[in-house]
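Heads up, the thing below is written out as structure tokens.
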Amino acid sequence: MKILKDILYKVAIESVTGSTDIAIHKIDFDSRKIEENDVFIAIRGTLSDGHDYIEKAIQLGATAIICDTLPGNIEKGVTYIQVKDTNTALAFMAANYFDNPSGKLKLVGVTGTNGKTTIASLLFQLFQKAGFKVGLLSTVKIMVDETEYKATHTTPDSITINYYLNEMIEAGVTHCFMEVSSHGIHQKRTEALHFVGGIFTNLSHDHLDYHPTFAEYRDVKKSFFDSLPKTAFALSNIDDKNGTVMLQNTGARKLTYALKTYADFKAQILESQLSGLLLKINDNEVWVKLIGTFNAYNILAIYGTAIELGLDSLEALRLLSDLESVSGRFQYVVSQGNVTTIVDYAHTPDALENVLKTIDDIRTKNEQLITVVGCGGNRDKAKRPIMAKIASDLSDKAILTSDNPRNEDPEMILDEMEQGVAAHNYKKILRITDRKQAIKTACQLAQPNDIILIAGKGHETYQEINGVRHHFDDMETVKEILEQLNK
């Protein structure tokens, strides 16, 4: 049991009704999970407002309510804490409830449009290989040393974050690498965490269904670096035009990485093949198993972070050469008929263009490049025509299909995508709404030595249609189809 006043440390309180010197069981923002002697935090979400469920929470046994607006009916024996912002209050209360675990290990946050999962996951891999007990909070999974848990959000809610950080402390973890999304920053989920470092990857068109403008999206990312302590490091990709913006107002130690300009961590691509990259990093050559220019940036960010966290530079390079690609990030399989199929999470215009240009760099041009791509429903609509334009411009054939249509009509999504296809590219495209059939068609069209890119879902093992998640794994599906075709 915890005492309410102790978990309110650093919370900006505007008024108190009742006593804070009471024992509480746990804290939660989901009224359905409230039990006897719990604290209910009323969060204003995009779909519902927790203030509407205060009465229900009290009926279930809540003895304390955290809200930004007091309800009209004040129940006797219940403590009401009015705060300026309940999201921020939740962040501090969650950290306090679990005894501020982020300050007991080295927590590094990775933010940007693309590359977050790869960088966080490969840092986890590298530090494990270096002999440390490591934690990971990512889109793909949560790792507490060797134990894996399912991830549901890029940046989980504050209670979940602190719960797993606490699990890491109990497991003896010394380093944790965490994806930090713009949603997570904006909703204050990272507010009370102590970071020893932050990494900026890049910024391009994404999440404009959530952020009203690109400027707000950029500034939310920047606020993460603005909040880093002076003892932390801020490592930024300055080949990206927003790389210097991220560092403008940070009090942290400013560090840079780049391929094109002078930086603290600089790389040159000496060779690029389907089997990997030969890089020259700060005058040392290293072969890595990752593919493409975008991964050269990821490797640089990983190398710079490893050095900042105290690894020897030659040891860091040795470990880099041993890293394996992340699930759903440029994973490829070669069929018996010598067709190479690549599965990648590329779901933004910039990521799709990077992957297609990477494939173009390593192909001979004597083969077809067939791209299967879709756009998710109930998400940023502005990128749909751009995604189709990129796919049709940079591929020999492009098959427009479903991603996760969610609650939208998939045909309408394809209509919006098709608007971006130039007239001279219409002969290149096919529309096949069923994703499995689209992948099968790509495999049937492919001749020996051709390349198929299946973009958008990557590591995901489901497809969401009309609010229901059905099992669907791109890599599993394409392997099954290729096996059938090769019989």
Side-chain angles (χ1 to χ4, degrees), residues 91 102-103 105-124 126-127 134-138 154-155 161 165 174-186 188-204 206 214-267 281-282 294 296-311 313 316:
S102 64
L105 45 64
K106 293 183 177 179
L107 178 63
V108 176
V110 189
T111 197
T113 304
N114 303 311
K116 296 188 295 296
T117 301
T118 297
I119 291 172
S121 299
L122 292 182
L123 277 166
F124 171 85
L126 185 145
F127 274 80
V134 195
L136 174 68
L137 293 164
S138 81
T154 300
T155 306
I161 292 171
L165 287 174
T174 57
H175 298 72
C176 177
F177 302 101
M178 174 181 177
E179 289 187 54
V180 178
S181 68
S182 61
H183 291 68
I185 301 166
H186 189 254
K188 311 296 183 184
R189 299 179 206 166
T190 58
E191 189 78 12
L193 301 179
H194 178 80
F195 289 92
V196 300
I199 303 166
F200 171 71
T201 62
N202 48 63
L203 208 63
S204 65
D206 199 17
F214 184 83
E216 186 197 277
Y217 177 49
R218 177 201 64 210
D219 291 346
V220 166
K221 295 281 191 188
K222 179 180 176 294
S223 70
F224 170 69
F225 293 93
D226 293 349
S227 67
L228 289 175
K230 289 181 180 179
T231 52
F233 67 84
L235 176 60
S236 184
N237 170 13
I238 55 162
D239 279 348
D240 186 283
K241 63 184 178 182
N242 290 291
T244 52
V245 174
M246 297 298 143
L247 300 178
Q248 279 175 355
N249 303 108
T250 187
R253 187 167 66 263
K254 299 176 183 181
L255 296 163
T256 57
Y257 66 98
L259 294 179
K260 300 174 185 175
T261 53
Y262 176 79
D264 296 298
F265 302 101
K266 183 89 165 60
I281 300 178
N282 288 10
F294 61 96
Y297 282 106
N298 294 337
I299 287 292
L300 263 182
I302 293 161
Y303 175 76
T305 302
I307 300 303
E308 281 305 299
L309 293 177
L311 290 194
S313 60

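As the structure is a prediction and not an experimental result, all values here were calculated from the model. We're numbering straight along the sequence, starting at 1. All values below were derived from every heavy atom in this structure, side-chain atoms included, with hydrogens, water molecules and symmetry-related copies excluded.
- In this structure, the side chains of R218 and V245 come closer than 4.5 Å at one or more pairs of heavy atoms.
- Atom NZ in K116 sits 6.0 Å away from atom OG1 in T111 (nearest 0.5 Å).
- Judged by distance alone, with hydrogens and angles left aside, the side-chain atoms of S102 form a donor-acceptor pair with the main-chain N or O of H194 at under 3.5 Å.
- Rounded to the nearest 0.5 Å, atoms CZ (F200) and OG1 (T244) are 9.0 Å apart.
- The main-chain N or O of I185 is never found under 3.5 Å from a side-chain atom of T190 such that the two would form a donor-acceptor pair.
- The two residues L235 and A301 make their nearest non-hydrogen contact at CD2-O, 3.5 Å.
- Heavy-atom minimum distance, I238 versus A263: CD1-CB, 4.3 Å.
- In terms of heavy-atom proximity, A232 sits nearest to A252 at O-CB, 3.4 Å.
- Looking only at side-chain heavy atoms (C-beta outward), T118 and F294 stay at 4.5 Å or farther from each other.
- In this structure, CG on L136 lies 9.5 Å from CG on L123, to the nearest 0.5 angstrom.
- Atoms OG1 and CG, from T174 and L309 in turn, are 9.5 Å apart once rounded to the nearest 0.5 Å.
- K266 contributes no side-chain N or O that, together with a main-chain N or O of Y257, makes up a donor-acceptor pair within less than 3.5 Å.
- Inspection of the D239 and Y297 side chains reveals an N or O donor paired with an N or O acceptor under 3.5 Å.
- Between the side chain of D264 and the main chain of T256, a donor-acceptor pair closer than 3.5 Å is present.
- With a 4.5 Å cut-off on side-chain heavy atoms, L193 and M178 count as touching.
- For the 3.5 Å distance criterion, the side chains of T201 and N237 fail to qualify, holding no donor opposite an acceptor.
- In plain terms, the two heavy atoms of G109 and V180 that are nearest each other are CA-CG2, 3.8 Å.
- Atom NZ of K221 sits about 4.5 Å away from atom OG of S182, to the nearest 0.5 Å.
- Looking at heavy atoms from C-beta onward, T117 lies in side-chain contact with E179 at the 4.5 angstrom threshold.
- The residue from T305, V108, N298, N114 that alone fulfils the side chain to side chain contact (heavy atoms under 4.5 Å, CB included) condition with I119 is N298.
- Proximity of a side-chain donor or acceptor of K230 to a complementary backbone N or O of G251 within less than 3.5 Å is not detected.
- Contact detail for S313 and I307: the closest heavy-atom pair is CA-CD1, 3.4 Å.
- Of all non-hydrogen atoms in L126 and A316, the two that sit nearest each other are CD1-O, 4.2 Å.
- For K106, the NZ atom is loosely surrounded, since the number of other residues' heavy atoms within 6.0 Å does not exceed 12.
- Counting heavy atoms from C-beta on, the side chains of I299 and I281 come closer than 4.5 Å.
- In this structure, the side chains of L122 and F177 stay at 4.5 Å or more apart for every pair of heavy atoms.
- At distances below 3.5 Å, at least one donor-acceptor pair connects side-chain atoms of S227 with backbone N or O atoms of F224.
- L300 CG to N282 CG: the interatomic distance, rounded to the nearest 0.5 Å, is 7.5 Å.
- T250 places a side-chain N or O within donor-acceptor distance of the main-chain N or O of F225, the cut-off being under 3.5 Å.
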